[in-house]
Peer 1: 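The structure is given below, and queries will be raised subsequently.
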Amino acid sequence: MNSIVLFKNNLRINDNPALFHASKSKNKILPVYIYDDIHVKKQLGSASRYWLHNALISLNKSLNFNLSFYRGDTIDVLMKIIKKYEISDIYCEQPFLKNDIILFDQLKLKLSMFNVKFNIYNCTLLWDPQYILKKDNTPYKVFTPYYKKGCLEKIKPDMPLGMPCKFNFVKKNNDSKIDDLKLLDKFRWYDKMDNQWNISENSAEKILDLFLESSIYNYKKGRDFPALNDTSKLSPYIRFGMISLNKIWYALDRLNFDRNIAHYKSELGWREFSYYLLYYFSFMETQNLQTKFDNFNWENSSEKFDAWKKGETGYPIVDAAMKELWETGYMHNRMRMVTASFLVKNLLVDWRLGESWFWDCLLDADYASNIAGWQWTAGTGADAAPYFRIFNPILQGEKFDHEGKYTLKYIPQLKDVPLKYLQKPWEYSSNLDYVNRIVDLKDSRDNALYHYSLIK
DNA sequence: CTGGAATTGTG
DNA sequence: ACAATTCCA
């Protein structure tokens, strides 16, 4: 008999529990990827599909070109393959998002009728949400106690399993090709990404090694400065499971304890917290977690939203960040907070619109982190920035891009503006080659606070 | 002036 | 990839 190893969001060989356990059994393995655009709440964004396409090419190579590609309903596809290849077992990652959990419940039922064993393993999270509860058996809603008491003090993440011992593949009897998944857009906008990222499991490990050798020791401070290179840049690899969280965690543990390392770990903790919140409060995928915000009167001006998307708000740090997103498929973490705050609070645009733009543009767009992050900035989420905390883009720019390097990288037409005026060029000259501000900072701030006062 | 080739712009 | 625009014999 044979086993299917079904790949979903963990496109790696090293420390992949599903693959590891499948390779230990006496069965031969048929590696399968199914691009299922039916059992999803949201279709993958354009940038995500580009990354996925390349990640799958890399995974296929690691599997000696034994990966089969399918498109369509996961259950239908699997039922067909099961008949064709004498399958007795399916190995897969454990789902944590609601849609996948429902799908896997249906699949499990169906498979049991055909005597196929469904083996699932946590390949995605350091802590399985179902085991992390407060003393009163209700879920945490505040990050710090969730992370410290619920996670760190209670359970150690699984030790990495390493590489599978040996592959014994089923002889593939199909000529499925990655191109059949049609992940890439016709217009090759993503060509400009090709020399920015090396999309393979090997590169992910190299990036981790490099990060742990150097910039992590300046992480706590350096992570706030978009012109520095002090963040890990692992996010798209983590999003597609091209590197294992357990492996990262224990690699960090092998370093001497340092507040920088603790801080980086806590950022991994925020990712866990996002999955955790969506696990227990799945309505927050589309609704405000704090329901009092349901009465909030968003302005949702399409002109302002378009200007934000294009990076033409007239505020250099916001525009630089939005251009970084458009041109690179990535945005520095602090800039994500600044641009999101600006959209939601200064432009009064519903966080869901910003969330969908990030979802389309980010190479690392993660379903849980994106939603939880936007709700956090909007002040509608758990343990969120209070609504009245409104980032001031001028001060943020002056504080975190004090040399103007990041701003000028993406808005080079401001290169002749003195540094003192870089974040407020309108005070320097009124005839620069740069857009006018679409809102006044003080007026829009007061307006946001007024709208907020109405729902309290 | 005109039709096809080359170039440009586009997510 | 494709449509719109410009170039040119």
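Naming: A, B, ... by sequence-line order, numbering from 1 per chain.
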Peer 1: Where do N or O atoms of nucleotides 9-11 of chain B meet protein N or O atoms at under 3.5 Å, pair by pair?
Peer 2:
residue: B:dG11; atom: N7; partner: A:W326; partner atom: NE1; Å: 3.1
residue: B:dG11; atom: O6; partner: A:K192; partner atom: NZ; Å: 2.7
residue: B:dG11; atom: O6; partner: A:W326; partner atom: O; Å: 2.4

Peer 1: Listed by chain and number, what are the ring pair (Phe, Tyr, Trp, His ring centres under 6.0 Å) partners of A:Y410, not counting sequence neighbours?
Peer 2: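 Ring pair (Phe, Tyr, Trp, His ring centres under 6.0 Å) list for A:Y410, sorted by chain: A:Y406.
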Peer 1: Identify every side-chain donor-acceptor pair in residues 310-318 of chain A under 3.5 Å, counting partners at least two apart or on other chains, and give the distances.
Peer 2:
residue: A:T313; atom: OG1; partner: A:Y315; partner atom: N; Å: 3.1
residue: A:T313; atom: OG1; partner: A:D319; partner atom: OD1; Å: 2.7
residue: A:Y315; atom: OH; partner: A:V439; partner atom: O; Å: 2.7
residue: A:Y315; atom: OH; partner: A:L441; partner atom: N; Å: 3.3

Peer 1: Closer than 4.0 angstrom, basic N to acidic O: yes or no for A:K442 and A:D440?
Peer 2: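 Judged by the 4.0 Å cut-off on N to carboxylate O distance, A:K442 and A:D440 do not form a salt bridge.
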Peer 1: Is a side-chain donor or acceptor of A:N246 paired with a backbone partner of A:P160 at a separation under 3.5 angstrom?
Peer 2: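 The answer is no, because no donor-acceptor pair under 3.5 Å joins these two groups.
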Peer 1: State whether A:E327 and A:K192 are salt-bridged, where the test is any N-O pair (Lys NZ or Arg NE/NH1/NH2 against Asp/Glu carboxylate O) under 4.0 Å.
Peer 2: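 Judged by the 4.0 Å cut-off on N to carboxylate O distance, A:E327 and A:K192 do not form a salt bridge.
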Peer 1: Might you list the N or O atoms of the protein lying below 3.5 Å from N or O atoms in nucleotides 3-6 of chain C, with each pair's distance?
Peer 2:
none

Peer 1: A:T380: what forms a side chain to side chain donor-acceptor pair (under 3.5 Å) with it, not counting sequence neighbours?
Peer 2: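 Partners of A:T380 by the side chain to side chain donor-acceptor pair (under 3.5 Å) criterion, ordered by chain and then number, come out as A:Q375.
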Peer 1: What residues, two or more places apart in sequence or in another chain, satisfy side chain to side chain donor-acceptor pair (under 3.5 Å) together with A:Y237?
Peer 2: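 In terms of side chain to side chain donor-acceptor pair (under 3.5 Å), with neighbours along the sequence ignored, A:Y237 is linked to no residue.
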